[in-house]
There are 2 protein chains.
Amino acid sequence: MNILEKINLQITTFSKSERKVAEVIIDNPEQAIHSSIATLAKIADVSEPTVNRFCRRLDTKGFPDFKLHLAQGLANGTPYVNRHVDEGDGPEEYTSKIFESTMASLNTARKSIDISQINRSVDILTQAKKISFFGLGASASVAQDALNKFFRFNVPINCFEDIVMQRMSCMNCTEGDVVVLFSHTGRTKPLVEIAEIARQNDATVIGVTAKDSPLAQECNICLSPDVPEDTDLYMPMASRIAHLVIVDILATGFTLRRGPKFRDNLKKVKDSLRSSRFEKKETFN
Amino acid sequence: MNILEKINLQITTFSKSERKVAEVIIDNPEQAIHSSIATLAKIADVSEPTVNRFCRRLDTKGFPDFKLHLAQGLANGTPYVNRHVDEGDGPEEYTSKIFESTMASLNTARKSIDISQINRSVDILTQAKKISFFGLGASASVAQDALNKFFRFNVPINCFEDIVMQRMSCMNCTEGDVVVLFSHTGRTKPLVEIAEIARQNDATVIGVTAKDSPLAQECNICLSPDVPEDTDLYMPMASRIAHLVIVDILATGFTLRRGPKFRDNLKKVKDSLRSSRFEKKETFN
DNA sequence: ACTGGAAATGTAAAAAAATTACAAAATTAC
DNA sequence: GTAATTTTGTAATTTTTTTACATTTCCAGT
């Protein structure tokens, strides 16, 4: 836990002088980490050992160790804690809570992702005759995003929002085709059926979905980032962002595998967009 | 900048002994911040003043100050901020680099976002007669995602991928309509034109796009998260995720503003999806 | 290969900072 | 109101860092 929060939490248990120290630190933590114990004691109008005792009370080894902890806490505000949005939150609160919980989720996702499965997926994608990206509901936009990325690689791509089209596409699969399915829950019936159909037709199915879900069981490979439940507003928020990061990772792996010549191609695609854009003004400072 | 990156950057300019110190620190920064100058010097097999000189060379005031900087860099599980993917990276490396740089970007975005503009946007969205979400290319999926979120709110929504449809839709705007435009660069000509058309027809235009871009100048309100340039693979990665988080924030602000009764509605939408899903097995542990 | 000079590194002493031990003051319980 | 306990401060001690200077190493030019 952030040591500043800890101070706030324990401030009632402190003695009078220790509280003085706490207040000075909370008031200006930046100053605190750049002061010696002597100057800080002077600012708080207490003796040096009091400051030292204060540090120990917070389970640090001493004043220098305390400063280290404080510095870490200060590094980027309130780091990656999964705080939930409450009823009475103002824009300030909910904005930073959403940013922070998204970052926290990505942090969890990163730790849980299975690299060997990523690597296998990249393998399979690079060798695919045709790649299809499907998702429904909130995951439809993830599939579309994947389309936008892989489209640039100049490989045969499919991406339909329509479940009937998705189904037909899977029925026409042959060996060497790869179907990538995105689903937050892994319990969307039509998508599980699609996975079955695709596999019956010898396609390789990669699922980006929840671990141990019905969909996950139908897939050849499953990429399941652990993401704390999205309970906030009854709609998937963090999990779809984790899925997008996985798309980025697969796309990156793909280009790295294809080598530098291939990357020139990407630059061409990007340059071709230029004419449809307003020129960026040169800046001289 | 993160001091660890700085060390890596300057390591070639260091002298032999200083490099020894650098290596010991890079190898185990955690150990470094918990060591005294004496123990660190011993580990690196150099003298204490050498360590001190090393610290000064990195523009810190001395060893304790250096440890503070290092601690900040190490804070909260993001030890290496915004590392770029290199040619030779294996799956392990590029996976964690992408996760980390995404998190770092969100962190930057959070700091730069203007809360008052968020608040104004929420204001306007809650009072909108009709809301349209438009984006092209990589931003099309962001618009689609916004559609998926706001659709649940049971308010009149528009979202077209087709530029002609987008245009027509904007021509039919009247006062009270809100158009939300997503663009990574803010320089996509057709989108700038759409913004003009919408404003000529008295709609309010909210842009989620780059600061000071042509599009930003055409908008009534502009939400511009600062995101480090996506140079990696010639395609927008971090910025589109920042845009999605903004969608989450707007959606959250929207529901909070509408009050608790409104939230029951959301639950209904979610429950209605249940029948199309496989039941989750109960777990008893 | 040698030499003068600059840069790098180390040694030892000085300064600064933090910690400890203990005494004085304040607070609390009875 | 006083004894016991806790809190706080003083001063000495220890640890840590920094400085000043001596020595070594490296390199350019002969």
Side-chain angles (χ1 to χ4, degrees), chain A residues 3 6-74, chain B residues 3 6-74:
Chain A
I3 197 139
K6 201 170 175 180
I7 295 173
N8 265 314
L9 218 74
Q10 299 192 13
I11 199 162
T12 49
T13 71
F14 291 151
S15 71
K16 203 168 20 165
S17 309
E18 282 171 341
R19 208 166 308 170
K20 280 200 234 171
V21 179
E23 272 156 21
V24 168
I25 290 168
I26 289 170
D27 186 53
N28 191 349
E30 274 296 332
Q31 171 193 60
I33 61 171
H34 292 112
S35 308
S36 71
I37 196 168
T39 45
L40 193 64
K42 210 152 142 199
I43 294 168
D45 192 32
V46 297
S47 69
E48 298 172 27
T50 300
V51 176
N52 202 281
R53 281 187 285 259
F54 167 84
C55 298
R56 297 249 166 88
R57 198 171 293 273
L58 289 149
D59 304 309
T60 63
K61 283 173 70 188
F63 184 66
D65 189 41
F66 169 79
K67 285 208 288 191
L68 244 43
H69 280 161
L70 190 55
Q72 296 204 320
L74 250 48
Chain B
I3 197 139
K6 202 167 174 182
I7 296 173
N8 266 314
L9 219 73
Q10 298 193 12
I11 200 161
T12 49
T13 72
F14 291 151
S15 70
K16 202 168 23 165
S17 309
E18 283 171 341
R19 206 165 310 169
K20 279 200 235 171
V21 179
E23 273 156 20
V24 168
I25 289 168
I26 289 169
D27 186 54
N28 192 349
E30 274 295 333
Q31 170 193 62
I33 60 171
H34 292 113
S35 308
S36 72
I37 196 168
T39 45
L40 193 63
K42 211 154 145 197
I43 296 168
D45 192 32
V46 297
S47 70
E48 297 171 28
T50 300
V51 177
N52 202 287
R53 281 188 284 260
F54 167 84
C55 298
R56 297 246 168 90
R57 196 172 294 272
L58 289 149
D59 303 310
T60 62
K61 285 172 69 186
F63 184 66
D65 190 40
F66 169 79
K67 286 207 287 190
L68 243 43
H69 280 258
L70 190 56
Q72 296 205 320
L74 253 47

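In what follows, chains are A, B, ... by sequence order, proteins preceding strands, each numbered from 1.
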May I have the distance from A:E18 (atom CD) to C:dT27 (atom C1'), rounded to whole angstrom? 15 Å
List the atom of A:R57, the atom of A:E18, and the distance in Å for their closest heavy-atom pair. NE-OE2, 2.9 Å
Spell out, as yes or no, whether a donor-acceptor pair under 3.5 Å connects the side chain of B:T60 to the backbone of B:C55. yes
With the threshold set at under 4.0 Å for non-hydrogen atoms, list the residues of residues 35-42 of chain A touching DNA chain C in residue-number order. A:S36, A:I37
Do B:H69 and B:L58 have side chains that get closer than 4.5 Å, going by heavy atoms? no
Value in whole Å for how far the P atom of C:dA18 lies from CG of A:L68: 12 Å
Hey, does A:K6 have a side-chain heavy atom less than 4.5 Å from the side chain of A:D59? yes
Roughly how far, to the nearest 0.5 Å, is the CD1 atom of A:I11 from the CD1 atom of A:I25? 9.5 Å
Any non-hydrogen side-chain atom of B:V51 less than 4.5 Å from a side-chain atom of B:F66? no
Beyond-backbone contact of A:F54 with A:V46, side-chain heavy atoms, under 4.5 angstrom: no
For DNA chain C, which residues in residues 48-64 of chain A have a heavy atom at a distance below 4.0 Å? A:P49, A:N52, A:R56, A:G62, A:F63, A:P64
Which dot-bracket string fits DNA chain C when only Watson-Crick or G-U wobble pairs with both atom distances under 3.5 Å count, crossing pairs get [ ], and | stands for a partner on a different strand? ||||||||||||||||||||||||||||||
Does B:K20 have a side-chain nitrogen or oxygen under 4.0 Å from the phosphate oxygens OP1 or OP2 of C:dT9? no
Whole angstrom is fine here: how far is it from CG in A:D65 over to C1' in D:dT15? 15 Å
Would you say a side-chain N or O of A:S47 is under 4.0 Å from OP1 or OP2 of D:dT10? no
Would you say a side-chain N or O of A:S17 is under 4.0 Å from OP1 or OP2 of D:dT8? yes
In the structure I gave you, are the side-chain heavy atoms of A:D65 and B:H34 within less than 4.5 Å of one another anywhere? yes
Would you say A:K67's side chain and A:S36's backbone share a donor-acceptor pair under 3.5 angstrom? no
Does A:V21 reach the side chain of A:F14, with side-chain heavy atoms less than 4.5 Å apart? no
Quick one: are A:Q31 and A:V24 in side-chain contact, heavy atoms under 4.5 Å? yes
Could you check how far CG of A:D45 sits from C1' of D:dT8, rounded to whole Å? 12 Å
Counting only side-chain nitrogens and oxygens, does A:K16 get under 4.0 Å of the OP1 or OP2 atom of C:dT27? yes
